[in-house]
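Structure record follows, encoded as structure tokens.
Naming convention: chains lettered A, B, ... in sequence-line order (proteins, then strands); numbering from 1 in each chain.
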Amino acid sequence: MQITQFLLSLYDTLLVYYPNIFFVLLPLLVICSAYGLYRVVVFVFFITVEETRHHFTKTLTHGEKINNTHIRIYKAWVLFLRKVKKRANGILLAIEKEVFVDE
Amino acid sequence: MSRRITSLFFLVLLMRVMGTTVVVASEYHFAWPGILPDHPLYKIKVARNKLIEKMIYSPVKRIEFDLLMADKTLYASKLLMEKGENALARETALKGENYFSILISDYRRAREENFLIPTVLDKKIAEAYKAHQELIAYLIEHATETDKETYKQVDYFSKNNYQSLRTIQQNQE
């Protein structure tokens with residue numbers, strides 16, 4: 001019962017504050033995965049990441065004073081992005097190898 | 001591999017939530033409205049928002065959604081005015097205040113159905129009202145003589161709505 005309530009609450013929160021997860025990201029990921037377009041799946045993932053970064057900087061420049069907490073989070077965010085990009089390159093290479101071996 | 005992608009996805013989500021919380025923590029800030037009503041794709045966004053409204057499960061979350069929409073629409077009105085789209089800015093301000101009216105009826109319904117409304121949300125609505133008042137005052141100050149009347153009407157609706165909300169809150173206490 002508690003898990004159901006938690007899931008419903010999570011669903012509502014995502015729907016209210018991050019609707020593009022339901023209306024853009026998930027449908028795209030499902031379609032791309034169904035057609036085996038793994039490159040597009042990774043690309044869509046990065047679009048989300050970039051959109052998040054854009055949202056973050058846009059909010060900061062939106063008439064608000066930048067404080068140390070913002071800078072710390074932003075630095076952590078950039079580091080995280082670099083790591084994810086490295087990892088994703090690895091994933092793409094692995095997929096290409098797999099496809100090459102199959103052929 | 002899929003597990004890794006899933007965990008990365010949730011990490012991104014967490015970062016996003018963190019970012020948003022920090023930004024609004026100190027004082028009230030309007031959410032960024034995204035594309036404005038003068039954009040050709042805005043109708044799609046409106047349709048999406050109507051769909052979201054129907055998809056929300058909890059009445060309390062619906063109140064939060066109404067508040068978010070009111071914030072975004074009112075702020076969009078200011079941005080439109082700064083772009084020189086005065087007619088559209090007027091219309092958007094009225095629509096923004098209409099979202100606040102919807103919030104009041106959703107709030108009443110939630111109370112009638114005995115849903116517990118968190119005090120944090122009550123406080124947020126009160127802060128939002130103050131921020132709306134400041135924004136409307138800005139709009140009145142910077143509007144042309146003909147537009148001023150519409151913004152004064154928006155101001156009247158805003159005060160009326162908040163009064164209704166206070167009445168509901170006091171009746172339940």
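- Between B/Lys130 and B/Glu134 there is no salt bridge, since none of the side-chain N atoms of the basic residue sits less than 4.0 Å from a carboxylate O of the acidic one.
- For the side-chain contact (heavy atoms from CB on, under 4.5 Å) test with B/Asp106, the passing option among B/Leu103, B/Ile104, B/Ile102 is B/Ile102; the others fail.
- Listed by sequence position, B/Lys61, B/Glu64, B/Phe65, B/Leu68 are the residues of residues 61-68 of chain B in contact with chain A, using a 4.5 angstrom heavy-atom cutoff.
- Between the side chains of B/Gln169 and B/Arg166, at least one donor N or O lies within less than 3.5 Å of an accepting N or O.
- Remark: the B/Asp122 side chain and the B/Tyr107 side chain contain an N/O donor-acceptor pair separated by less than 3.5 Å.
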Carefully, step by step, assess A/Phe22 and A/Tyr11 under the rule ring pair (Phe, Tyr, Trp, His ring centres under 6.0 Å). CA-CA 10 Å; A/Phe22 292 93; A/Tyr11 159 79; 5.7 Å; yes
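- Salt bridge B/Lys78/B/Glu82: present, at least one basic N to carboxylate O contact under 4.0 Å.
- When heavy atoms are compared at a cutoff of 4.5 Å, A/Leu15 approaches chain B by way of both its backbone and its side chain.
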